[in-house]
There are 2 protein chains.
Amino acid sequence: MEKPATLWDRSRQAVVAEIVDTALTLFAEQGYESTTMAQVATRAGVSQRSLFRYFGTKEDLVCGDQDALGDLLVSTVAAQPAEVSTWDALKAGFVTIVTASDHEPERLLEISRLIFTNPPLRARYFEKRLKWQRALVPVVEQRMGIEPGELPDPRAMGVIVTVFACVDAASELWVRHGGKADPFELYEQALAAVRG
Amino acid sequence: MEKPATLWDRSRQAVVAEIVDTALTLFAEQGYESTTMAQVATRAGVSQRSLFRYFGTKEDLVCGDQDALGDLLVSTVAAQPAEVSTWDALKAGFVTIVTASDHEPERLLEISRLIFTNPPLRARYFEKRLKWQRALVPVVEQRMGIEPGELPDPRAMGVIVTVFACVDAASELWVRHGGKADPFELYEQALAAVRG
DNA sequence: CGCCAGACTGGCAGTCACTGCCAACCTGTC
DNA sequence: GACAGGTTGGCAGTGACTGCCAGTCTGGCG
């Protein structure tokens, strides 16, 4: 079903990666806002039109294709054994995501800093995460023994949005600490304060 | 300090209100995205240039000036007596905000629906709330007996972002219930599931 | 080899949000 | 009635993004 992996596909992958690379370099050099898509296109050696075909929006140059990670998150949470608490199941999902990210730590910090310091990027990131949250609703409901309804259950919603909010808070603090703090530790502290 | 309230100020207020009114009408008629700022300007009887002077962005037509509400939130939380728990203090802040909103319930629902169904609007709303969260950090830190540092304390951050996340979840569910559910009840359920 | 359908690319013109600039105007004051 | 300060409107421009069309490149087929 998704085995082909043609040579063409791989070359496209390479092109995408190279574009992202030049974009991040430009953003680091002159900032996100003051870098235009035309610049990225020129330096990456593609037409502006094609650039917009690869990445629908400027934000996507940074926020990338989070859909795959979202699927991984959901399936990991769903795959946790029943005796694992909902909180631990969600945590396991996020741990899996972080370790599965194909960026080197250095670059991950740079990307995170970009996202947390540029409102439009942060907004886009937030938006993508909304989709993850929606996808998690049935999984968490089942895990909490709530039978699914037409609309999400407020209890399941509460748990999900809380975990995401704490992950977000920990990430922001991690970035603002310059990557020198342990993000998992920050997350644990935040959640501990919440759960009393 | 802020007593003048000149006639001029009031007429400006009226102009702003009227623009918002026509904008919301247009959004309801043909949707947010497919309504242009030029249309709003024309129907409201101002030049496009002036429209952008009143509202810096298209989103601000809907998200309005949340800064005043943010100040109210912070001061209300800060004004809660010391024996009130942090959770209750934050809740009191939000209750104050909701009741202080000068929109009729019907319009409030309409605005909320706009925000929750249009990604750019939701993103902008989220962004404004980030400022509220930042402003709350010192207040909550003091209330939790944490001495303020250069960066926010993860525990205070956790509590703040959790409350915001649950308020957000409750609001979204309220909107998706067509305004027929009690938002405070939804909030209580969400938070109860979190705090166990 | 020649041919052809399908996918990818590039350029071009257009839309829309948003901004800087400048001239016209309006308001209150001396 | 002139004058200073703030307000408005038009105008031209930037930058993200899209639709359209023509050129190109590829793999299959006779």
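Note that the structure is predicted; figures quoted are calculated from it, not measured.
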Whether the side chain of [X] engages the backbone of [Y] through a donor-acceptor N/O pair (distance < 3.5 Å, no angle test) should be reported.
{"X": "A:N118", "Y": "A:P120", "result": "no"}
{"X": "B:R195", "Y": "A:V194", "result": "yes"}
{"X": "B:Q39", "Y": "B:T36", "result": "yes"}

Hey, are [X] and [Y] close enough for a salt bridge, meaning a charged N less than 4.0 Å from a carboxylate O?
{"X": "B:R107", "Y": "B:D21", "result": "yes"}
{"X": "B:R155", "Y": "B:E141", "result": "no"}
{"X": "B:E127", "Y": "B:R124", "result": "yes"}
{"X": "B:D60", "Y": "B:K128", "result": "yes"}

Open item on the list: Please tell me whether B:S47 and B:S50 have a donor and an acceptor in their side chains that are separated by less than 3.5 angstrom.
Closed with: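 Side-chain D/A pair, B:S47 to B:S50: present.
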Open item on the list: Under the rule for side chain to side chain contact (heavy atoms under 4.5 Å, CB included), what residues qualify as partners of A:A181, not counting sequence neighbours?
Closed with: A:H177, A:L186
TODO: For ring-ring contact (aromatic ring centres under 6.0 Å, His included), just list the numbers for B:Y187 and B:F94, CA-CA rounded to whole Å, side-chain angles, deciding distance to a tenth of an Å, and then say yes or no.
DONE: CA-CA 11 Å; B:Y187 171 75; B:F94 276 103; 7.5 Å; no
- [ ] Name the residue closer to the 5' end of DNA chain D, choosing between B:G45 and A:G56 according to the nucleotide with the nearest heavy atom.
- [x]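 Final value for this comparison: B:G45.
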Task: Heavy-atom contact window of chain A on DNA chain D, given 5' to 3' at under 4.0 Å - done: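 The contact span of chain A on DNA chain D goes from D:dG15 to D:dC20.
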TODO: Find the distance B:E59:CD to C:dC16:C1' and express it as a whole number of Å.
DONE: 13 Å
Open item on the list: With the threshold set at under 4.0 Å for non-hydrogen atoms, list the residues of residues 13-43 of chain B touching DNA chain C in residue-number order.
Closed with: B:T35, B:T36, B:M37
Open item on the list: Using a strict heavy-atom distance below 4.0 Å, which residues from residues 47-54 of chain A are in contact with DNA chain C?
Closed with: A:S47, A:R49, A:S50, A:R53, A:Y54
Task: A:Q30, CD: over 12 other non-hydrogen atoms inside 6.0 angstrom - done: yes
TODO: Using the test salt bridge (Lys or Arg N to Asp or Glu O under 4.0 Å), find all partners of A:E172 that sit at least two apart in sequence or belong to another chain.
DONE: A:R122, A:R176, B:R134
Open item on the list: Using C1' atoms of five pairs at each end, report the bend of the helix from C:dC1-D:dG30 to C:dC30-D:dG1 rounded to 10 degrees.
Closed with: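 Inter-axis angle at the ends, rounded: 20°.
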Open item on the list: Taking the six-membered ring of B:Y32 as reference, does the cationic atom of B:K58 (NZ for Lys, CZ for Arg) lie under 6.0 Å from its centre and within 45° of its axis?
Closed with: yes
